[in-house]
Amino acid sequence: RNTATATDISLENRNRPATTPFRLLPSALLFGERYGCQVACIASFHSPASTIYPQRAMTSVLSMESPPFRPRSGGGGGGATTLSTSSSFGSPAPHHRNNPNRSSSGASSPLSHGSGDGYSNAVKSYTFQTPSGESLEIRNVWEENVEEEMAIIRELIETHPYVAMDTEFPGVVARPVSETYSPDFHYKSLKCNVDLLKIIQLGLTFADENGNYAKGCPCWQFNFKFNLNDDMFAQDSIDLLVTSGISFEDHATRGIDPLHFGELLMVSGLVLDDRVKWVSFHSGYDYAYLLKVLTTQDLPKDEKSFFELLKIYFPTIYDIKYMTSLCDGHFGGLQRLADDLKCPRIGPEHQAGSDSLLTMVTYFALGQAKFTNGNGSIDDTKYKNELYGYGSNHTVRKGPLSSAHSNSTLSNMNGNGDASSVH
């Protein structure tokens with residue numbers, strides 16, 4: 001998903017004793033002993049400016065100095081952090097940082113493939129009018145209201161057991177480097193990045209077995225604690241999220257503690273229950289971040305153990321990207337597929353709430369178009385519990401990767417080129 005070019009690196013002082021403090025060269029990152037392979041920088045990234053003392057090879061994390069965060073301008077003379085209501089469709093009023101409880105309302109059509117002008121996640125919620133005239137709300141969740149909103153979801157899951165999910169995270173900053181082809185290359189890539197980085201946003205949308213949204217507010221957007229001064233990220237991913245309306249000032253001051261959210265998620269009724277159907281698009285990273293939140297641990301060392309853990313917490317999953325691999329004529333990312341199926345987007349692209357809404361409507365449209373049984377119901381037997389690009393299914397690359405191709409594959413491993421979410 002990240003479009004930056006991967007660069008192999010070398011590290012001075014690799015063989016220093018583990019007790020010796022050191023700083024990484026400004027252009028390098030070594031994280032290899034932890035995974036039995038070298039890991040090279042794949043993006044322009046920043047990490048906390050601190051000296052790390054590795055305790056032992058299996059737990060060593062190296063860091064580097066970082067300049068202050070300055071988002072690049074999005075073109076046209078305006079800075080990336082300046083959001084305007086320039087869309088020809090109805091847009092909410094600009095947000096007010098001093099009043100985070102203020103709601104935003106869409107005036108007319110919610111359709112937009114743009115990057116979220118005017119849609120800051122600092123507001124309490126976005127409200128849209130659907131083409132059928134119904135009001136639909138995307139509700140933002142922060143530390144101050146997470147328990148209240150999770151209590152609502154605990155009730156809702158009983159009647160709306162389909163959960164569409166999307167995450168936003170700080171890009172891809174590392175990749176395994178090996179002289180020979182490794183069959184678990186993609187899982188190693190996923191593991192080293194998820195272990196290094198933090199989730200930024202999670203979108204959850206709820207529907208019943210017929211694809212009908214929960215009335216009123218079917219979508220919640222959970223905003224996690226993330227500090228640009230302390231946490232590692234890929235610059236391009238942060239630029240994209242800022243342009244899309246993500247308020248990192250609010251993430252730093254009122255973001256949800258992942259430990260707190262993990263406790264609430266564990267008892268929410270959303271996990272550990274095979275009646276709950278999790279819907280996503282090219283979702284290896286999505287589930288990896290959720291497993292990290294639920295377990296408070298690094299991901300398992302091997303792919304087999306990862307799938308065993310995934311099966312425990314998420315017994316029933318549907319990956320739309322895998323579904324498209326079984327169909328002719330469907331290529332590209334989520335937005336392209338949704339356009340092909342005439343599924344409208346509601347809300348700003350590259351925010352997890354809107355992306356999860358689009359994921360839900362696209363799943364049911366694709367299921368009805370390609371995967372129905374004799375009585376017209378969607379038959380999930382061909383794609384249930386498969387992840388695109390992982391495991392032993394037909395989407396997993398079986399042959400060796402060239403260095404150039406491995407860089408390109410990792411950069412685009414999530415489909416539509418979004419460097420901060422799974423698509």
Side-chain angles (χ1 to χ4, degrees), residues 138-169 187 190-191 193-208 214 217-226 231 251 254-280 283-319 352-353 355-356 359-360 384-385 387 390 421-422:
I138 300 176
R139 188 173 301 169
N140 279 302
V141 185
W142 300 90
E143 181 65 34
E144 66 264 19
N145 67 326
V146 64
E147 293 196 10
E148 174 187 351
E149 300 303 329
M150 288 299 287
I152 297 172
I153 289 174
R154 281 197 295 272
E155 298 293 327
L156 186 64
I157 194 63
E158 296 296 327
T159 55
H160 295 77
Y162 282 74
V163 184
M165 175 264 290
D166 181 76
T167 65
E168 304 295 337
F169 53 88
Y187 178 71
L190 178 149
K191 174 176 168 56
N193 280 283
V194 173
D195 287 351
L196 276 169
L197 304 174
K198 295 182 178 180
I199 188 173
I200 294 174
Q201 197 177 61
L202 168 68
L204 298 179
T205 294
F206 295 85
D208 63 20
C217 178
C219 180
W220 281 260
Q221 193 163 254
F222 296 88
N223 301 288
F224 293 94
K225 183 173 290 296
F226 193 89
D231 298 320
H251 279 268
R254 50 197 283 253
I256 301 168
D257 181 351
L259 293 176
H260 186 197
F261 181 76
E263 294 173 352
L264 295 173
L265 183 60
M266 188 70 78
V267 297
S268 66
L270 273 67
V271 297
L272 306 168
D273 190 339
D274 60 3
R275 296 172 298 177
V276 178
K277 320 296 185 184
W278 283 80
V279 181
S280 53
S283 44
Y285 274 78
D286 286 326
Y287 289 113
Y289 276 102
L290 288 185
L291 287 175
K292 181 179 178 180
V293 168
L294 285 164
T295 64
T296 69
Q297 297 177 351
D298 288 347
L299 294 179
K301 292 182 179 180
D302 58 83
E303 191 174 47
K304 181 177 181 293
S305 300
F306 169 79
F307 274 98
E308 290 172 351
L309 193 64
L310 181 66
K311 181 69 173 177
I312 293 172
Y313 286 97
F314 303 95
T316 308
I317 63 174
Y318 303 146
D319 186 338
D355 287 349
S356 69
T359 298
M360 184 70 84
K384 180 180 177 181
N385 292 334
L387 282 183
Y390 299 92
S421 74
V422 149

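Everything numeric in this text was worked out from a predicted model, so none of it was measured.
The side-chain contact (heavy atoms from CB on, under 4.5 Å) check on Asp302 picks up Lys304, Ser305, with sequence neighbours excluded. Under the side-chain hydrogen bond (donor to acceptor under 3.5 Å, both in side chains) criterion, Asp273 pairs with Arg275, not counting sequence neighbours. The side-chain contact (heavy atoms from CB on, under 4.5 Å) check on Lys225 picks up nothing, with sequence neighbours excluded. Taking Phe314 as the reference, Trp278, Tyr287 meet the ring-ring contact (aromatic ring centres under 6.0 Å, His included) condition, with sequence neighbours excluded. Applying the salt bridge (charged side-chain N to carboxylate O under 4.0 Å, His left out) criterion to Lys277, with sequence neighbours excluded, gives no partner residue. Legend: residues meeting side-chain contact (heavy atoms from CB on, under 4.5 Å) with Ala352, ordered by chain and number and at least two apart, are Asp166, Glu168, Gln201. Evaluation of the salt bridge (charged side-chain N to carboxylate O under 4.0 Å, His left out) rule for Asp208 yields no partner, not counting sequence neighbours. In this structure Lys292 satisfies the side-chain hydrogen bond (donor to acceptor under 3.5 Å, both in side chains) test with no other residue, sequence neighbours excluded. Not counting sequence neighbours, Tyr289 has no partner by the side-chain hydrogen bond (donor to acceptor under 3.5 Å, both in side chains) test. Among residues two or more places apart in sequence or in another chain, the side-chain contact (heavy atoms from CB on, under 4.5 Å) test is passed with Glu147 by His260, Leu264. Residues passing the salt bridge (charged side-chain N to carboxylate O under 4.0 Å, His left out) test with Glu149 are Arg139, sequence neighbours excluded. In this structure, the ring-ring contact (aromatic ring centres under 6.0 Å, His included) partners of Phe224, at least two apart in sequence or on a different chain, are Phe261.
A 4.5 Å side-chain heavy-atom check between Val271 and Val276 finds every atom pair outside the cut-off. A 4.5 Å side-chain heavy-atom check between Leu272 and Ile312 finds at least one atom pair inside the cut-off. In this structure, Ser356 and Leu204 have side chains that are not in contact, with every pair of non-hydrogen atoms separated by 4.5 Å or more. For the pair Met165/Thr359, no side-chain contact is recorded, criterion being any heavy-atom separation below 4.5 Å from C-beta on. Using a 4.5 Å cut-off on side-chain heavy atoms (C-beta onward), Trp220 and Leu156 make contact. Within the 4.5 Å cutoff, no side-chain heavy atoms of Asn223 are placed close to those of Arg254. Between Leu290 and Tyr313 there is no side-chain heavy-atom pair separated by less than 4.5 Å.
Atoms CD and OG1, from Gln221 and Thr205 in turn, are 9.5 Å apart once rounded to the nearest 0.5 Å. In this structure, CG in Leu387 is found 4.0 Å from CD1 in Ile317, a value given to the nearest 0.5 Å. With rounding to the nearest 0.5 angstrom, the CG atom of Leu310 is 7.5 Å from the CG atom of Asn385. With values rounded to the nearest 0.5 angstrom, Ser280 atom OG is found 15.0 Å from Tyr285 atom OH. To the nearest 0.5 Å, atoms CG (Asn193) and NZ (Lys191) are separated by 11.5 Å. Taking CD of Glu263 as the start and CG of Leu265 as the end, the distance is 11.0 Å to the nearest 0.5 Å.
In this structure a side-chain-to-backbone donor-acceptor pair under 3.5 Å is present from Asp195 to Leu299. For the pair Asp286 (side chain) and Thr167 (backbone), a donor-acceptor distance under 3.5 Å is present.
Closest heavy-atom contact between Arg154 and Glu158: O-CG, 4.1 Å. Closest heavy-atom contact between Ile256 and Glu143: CA-OE1, 3.3 Å.
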For side chain to side chain contact (heavy atoms under 4.5 Å, CB included), just list the numbers for Met360 and Phe206, CA-CA rounded to whole Å, side-chain angles, deciding distance to a tenth of an Å, and then say yes or no. CA-CA 8 Å; Met360 184 70 84; Phe206 295 85; 5.6 Å; no
